[in-house]
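Just below is one structure, and these are the notes that go with it.
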Amino acid sequence: MKAVTFFRVVPYSLFLVFAMCIDARATSSSFEPKVKLSSSGICHDQTSASFNRTKKYQAFDTITDCLNQGGRLPKAKTNQIDKATDEAIEQGRAFVTLYDRGDWPHWLDSDKDCQNTRHEMLLQTSTKTVSFKSNKQCNVLTGEWYDPYSSEKFTQSTDLDLDHIVPLKFAHGHGASNWSREQKALFANDSENLILAQASLNRQKGAKGLSEWLPPNHHYRCEYIAQFNKVMTKYNLTYAPSEQRIVKRLVKACNRTV
């Protein structure tokens with residue numbers, strides 16, 4: 001009887017070990033890092049061909065964090081940055097080697113009321129009573145909002161993006177690259193730099209400055225230019241010389257129409 005019991009228990013134990021291994025593999029894959037610092041000192045993000053091949057590594061959330069710990073970029077990426085830097089010098093504009101949107105905490109819930117920056121703005125700027133996605137009243141679903149970029153009204157919050165008037169990437173390349181994470185969070189959630197706009201126009205704008213993009217609503221352009229410049233001044237951001245010439249012409253044209 002003991003022998004029979006033994007052979008019943010052993011396979012079941014092996015099954016448990018096997019199941020635990022499978023579960024561990026599934027768990028570890030769900031916690032895969034965003035950036036790996038390899039044993040040879042190279043920072044690989046998920047776009048790197050060596051990311052999956054790197055088995056011995058130190059994990060980081062961003063490339064910047066990895067570099068700050070003494071890592072270096074792969075040679076191919078370094079060559080790309082060198083080329084882009086040369087182009088920036090030729091064009092007389094600033095170039096910052098690394099921009100990571102993850103370094104700019106945005107849509108925060110600073111007052112812990114479950115409504116983040118986006119939904120606070122939706123609530124505050126709606127011209128009609130809003131409805132929420134659930135009884136918790138965290139996420140605004142409907143209301144009525146005027147988008148000055150397009151000069152249109154919208155009733156569905158999903159049709160709108162919360163746009164950074166001075167884009168995060170633009171700020172990064174014009175003096176903000178060395179800011180602390182706290183400074184970047186302050187900028188990214190500053191209501192003076194935020195506006196609800198038609199999602200398609202916000203994506204059309206991307207990270208462009210005044211020299212590359214203006215709202216299609218001509219009646220709003222001068223106000224947009226003034227607010228863009230106000231934010232640039234508030235945060236001590238600077239235009240490249242070629243951009244500054246265009247901005248001065250835009251401001252001069254707006255002053256003539258006042």
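Predicted model, so just to flag it, every value in this text is computed and none were measured.
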What about the rings of Tyr149 and Trp213, do their centers lie closer together than 6.0 Å?
->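 Centroid separation for Tyr149 and Trp213: below 6.0 Å.
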
Ring centroid separation for Tyr146 and Tyr220, is it under 6.0 angstrom?
->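 Not close enough - the centres of the two rings lie 6.0 Å or further apart.
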
Atom [atom1] in [X], atom [atom2] in [Y]: separation rounded to 0.5 Å?
X	Y	atom1	atom2	answer
Asn193	His106	CG	NE2	12.0 Å
Lys205	Asp161	NZ	CG	11.0 Å
Leu214	Arg221	CG	CZ	5.0 Å
Ser150	Asn202	OG	CG	11.5 Å
Asp103	Ser180	CG	OG	11.0 Å
Leu210	Ile246	CG	CD1	9.5 Å

Do [X] and [Y] make a side-chain contact, defined as non-hydrogen atoms from C-beta onward lying under 4.5 Å apart?
X	Y	value
Leu196	Thr125	yes
Pro216	Leu201	yes
Pro148	Ile195	yes
Asn229	Val247	yes
Val166	His174	no
Thr142	Gln156	yes
Cys254	Ile225	yes

Do any pairs count as a disulfide (SG to SG under 2.5 Å) and have a residue in residues 112-204, sequence neighbours left out, and if so which ones?
->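 Residue pairs passing disulfide (SG to SG under 2.5 Å), neighbours aside: Cys114-Cys138.
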
Common cluster, [X]/[Y], ILVMFWY with side-chain heavy-atom separation under 4.5 Å:
X	Y	value
Leu168	Phe228	yes
Phe187	Met121	no
Leu250	Val231	yes
Ile165	Val251	yes
Phe170	Leu194	no

If you count every heavy atom of other residues, nucleotides or ligands that lies below 6.0 Å from [X] atom [atom1], does the total exceed 12?
X	atom1	answer
Lys234	NZ	yes
Asp111	CG	yes
Lys208	NZ	yes

Applying ring-ring contact (aromatic ring centres under 6.0 Å, His included), which residue pairs with at least one partner in residues 118-142 are found, sequence neighbours left out?
->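 Of all non-adjacent pairs touching residues 118-142, none passes ring-ring contact (aromatic ring centres under 6.0 Å, His included).
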
Looking only at non-hydrogen atoms, find the nearest pair between [X] and [Y] and report the distance.
X	Y	value
Asn189	Pro105	ND2-O, 2.9 Å
Tyr235	Asp190	OH-OD2, 2.6 Å
Tyr57	Lys55	CD2-O, 3.4 Å
Arg118	Ser157	NH2-O, 2.8 Å
Ala207	Lys169	CB-CB, 3.8 Å
Leu37	Gly71	CD1-CA, 3.7 Å

Full working for side chain to side chain contact (heavy atoms under 4.5 Å, CB included) between Asp113 and Glu120 = CA-CA 10 Å; Asp113 65 350; Glu120 293 276 12; 3.0 Å; yes

Heavy-atom donor-acceptor pair, Gln227 side chain to Glu192 backbone, under 3.5 Å =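 At least one qualifying donor-acceptor pair exists.
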
Is there a donor-acceptor contact under 3.5 Å from the side chain of Lys133 to the main chain of Leu141?
->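 No.
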
Side-chain donor-acceptor pair present, Arg53, Ser50, cut-off under 3.5 Å |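 The answer is yes; a qualifying pair exists.
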
Look at the aromatic rings of Trp104 and Tyr99 and report parallel, tilted or perpendicular, splitting at 30° and 60°.
->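 The arrangement is tilted - the two ring planes meet at 30° to 60°.
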
